[in-house]
Each structure stands twice: as C-alpha cells, then as structure tokens.
Amino acid sequence: MHECRRIDHSFFQTAPACYRATVEVRASSEEIFDSFENAEDWPIWAAPITKVEWTSPKPFGVGTTRTVTMVGNMVGEEEFIAWERGSHMAFCFTRASSAMIEAFGEDYQVVDLGNGTCSVTWTMAIETGGIGRFTTPLSAPFMRFGLSWMLGRSKRHVEGRHVAAAA
C-alpha cells in the first residue's frame, strides 16, 4: 500500500482535479446518513466500489476509518476528516494500492430543504502522480458525468428505501 498525503478541508478548493455534483433527494437527512453508514449500500450506487468495510466502531465521527475495495482490486484506506451526522461528512485516503494517487478526498454536504427533501452535494478531489498527472485532466468530462450518474443512483436508492419504509 502506498501512503497518501493527508488532507484537510481546504483540499476541496485547491486540488488539481475537483468534481462536484448536486441532487435533491426526497428523504430526510437521517435517512441519507443511514445509507452512508450502511456498508452494503455503497456498492449499489457507487459503481467502482465492490466492498466497504468499516474498521472503526459506531458511533462514527472524525477519525473513523474504513477500507474500500474497488473494481480491479484497487483498495483505499480512508479516514474521516469531517462528520456531522445529518449534514456533513468528508474523508481522505490515508493509503491506496495505487502509487499514482498522491492525495484523494470526498466531501458530502446534506442540506435540509424542508418538506422531506434534502440537497446532497458530493465533491471528489484528487491529486495524482506519474502518468496520472497527464491522464487525469483528460478524464475530467467522464469524471463529472460519472459523479452525477452515481449520485443519481444514490438518490434513487435512498428514495426507494424511504418509500418502502413509509408504506
């Protein structure tokens, strides 16, 4: 495993590559975070993820860790750098199986809009080394599309669970 540079929240404004998507979800912020905390939910909507393993016990918070396995056996060890259940969470890679990843983080902002609807903004930021310095800018349109597509899948998953619970 390759050590990644630890980041703070400023990385989401300064990273060489940063992608952002926003969606409105017909569910409460608690329901959205219930899904975020459920290891089995991530592979359902985040296509590259094949497995999530929380390596810290609940209650989750700043400093919580987990390991995420992705397609191609890519592995990221993550540490949460923000956790305000119902409104905000962010994490960074502490180690990754690819030496190309210098620094990586994701930030999730959830805003209650009232009437059982929330806005979810997902920001992904990355700094790559090696050949990635050249290929990452080329992949930007695909990354933006992919982020939006996956966030839409998350929306449908959470809303589906919300409707089933209300029935």
Side-chain angles (χ1 to χ4, degrees), residues 1-25 29 32-33 35-37 39 41-43 45-50 52-56 59-113 118-155 158:
M1 294 287 282
H2 167 73
E3 294 289 325
C4 297
R5 189 175 77 254
R6 300 287 178 112
I7 65 166
D8 62 23
H9 210 264
S10 66
F11 186 68
F12 297 104
Q13 285 76 45
T14 62
C18 193
Y19 314 100
R20 191 169 282 112
T22 301
V23 69
E24 287 187 14
V25 181
S29 62
I32 293 166
F33 265 76
S35 182
F36 287 161
E37 291 180 1
D41 280 9
W42 290 84
W45 63 267
I49 295 177
T50 60
V52 170
E53 178 185 359
W54 291 97
T55 51
S56 291
F60 300 142
V62 173
T64 290
T65 58
R66 70 180 186 180
T67 301
V68 175
T69 305
M70 293 160 267
V71 175
N73 285 326
M74 166 82 172
V75 176
E77 293 178 0
E78 302 171 341
E79 181 177 327
F80 283 78
I81 59 174
W83 191 281
E84 298 167 43
R85 192 175 201 293
S87 64
H88 182 220
M89 70 174 196
F91 61 82
C92 68
F93 275 12
T94 56
R95 296 179 356 138
S97 57
S98 171
M100 192 178 346
I101 299 174
E102 297 292 329
F104 177 85
E106 293 184 23
D107 180 81
Y108 296 81
Q109 302 274 343
V110 179
V111 176
D112 188 340
L113 302 174
C118 291
S119 169
V120 179
T121 299
W122 177 17
T123 304
M124 180 184 295
I126 188 167
E127 181 178 338
T128 54
I131 190 84
R133 286 193 177 113
F134 305 103
T135 59
T136 299
L138 299 174
S139 67
F142 303 103
M143 291 297 293
R144 283 187 197 92
F145 173 81
L147 208 67
S148 182
W149 177 76
M150 287 186 285
L151 192 55
R153 287 170 50 108
S154 174
K155 166 191 167 83
V158 171

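Only a predicted model underlies this, so the values are computations on that prediction, with no experimental measurement involved.
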Do His9 and His88 come close enough that some side-chain heavy atom pair is under 4.5 Å?
yes

Side chains of Thr69 and Ile49: does their closest heavy-atom pair fall under 4.5 Å?
no

Would a distance-only check, ignoring hydrogens and angles, find a side-chain to backbone donor-acceptor pair under 3.5 Å from Ser35 to Val158?
no

If we only count heavy atoms from C-beta on, is the Trp122 to Arg20 side-chain gap below 4.5 Å?
no

Is it true that a side-chain atom of Lys155 and a backbone atom of Val23 form a donor plus acceptor pair closer than 3.5 Å?
no

Which heavy atom in Val71 sits nearest to a heavy atom in Ala47, and how many Å separate them?
CG2-O, 4.0 Å

Any side-chain heavy-atom pair of Val62 and Phe80 under 4.5 Å
no

Ser97 side chain to Val75 main-chain N or O, any donor-acceptor pair under 3.5 Å?
yes

4.5 Å side-chain heavy-atom contact, Thr22 and Ser119:
yes

Quick check against the 3.5 Å criterion: does Thr14 have a side-chain atom that pairs as donor or acceptor with the backbone of Ser10?
yes

Going by heavy atoms in the side chains, are Pro48 and Met150 under 4.5 Å from each other?
yes

Could you list all the salt bridge (charged side-chain N to carboxylate O under 4.0 Å, His left out) pairs where at least one residue sits in residues 82-93, not counting sequence neighbours?
Glu30-Arg85, Asp34-Arg85, Glu37-Arg85

Heavy-atom closest contact (Leu147 atom, Met124 atom, distance):
CD1-CE, 3.6 Å

Pairs flagged by salt bridge (charged side-chain N to carboxylate O under 4.0 Å, His left out) wherever residues 119-131 is involved - sequence neighbours left out:
Arg5-Glu127

Keeping the roles fixed (side chain from His2, backbone from Met100), state whether a donor-acceptor pair exists under 3.5 Å.
no

Between Gln109 and Val120, is any pair of side-chain heavy atoms under 4.5 Å apart?
no

Identify the heavy atoms of Gly105 and Phe11 that sit nearest to each other, and give their distance.
N-CE2, 4.3 Å

Closest non-hydrogen atom pair, Cys118 against Leu113:
C-CD1, 4.0 Å

What about Phe145 and Phe142, are their ring centers closer than 6.0 Å?
no

Arg66 charged N/C atom sitting above Trp42 aromatic ring, 6.0 Å / 45°:
yes

Do you know which two heavy atoms are closest between Tyr108 and Phe91, and how far apart they sit?
CE1-CE2, 3.9 Å

CA sep, side-chain torsions, deciding dist, call: Thr67, Thr55, side chain to side chain donor-acceptor pair (under 3.5 Å)
CA-CA 7 Å; Thr67 301; Thr55 51; 4.7 Å; no

Donor-acceptor pair, distance only, cut-off 3.5 Å: does the side chain of Thr94 make one with the backbone of Glu79?
no

Within the structure provided, determine whether Phe36 and Phe60 are in side-chain contact (heavy-atom separation under 4.5 Å).
no

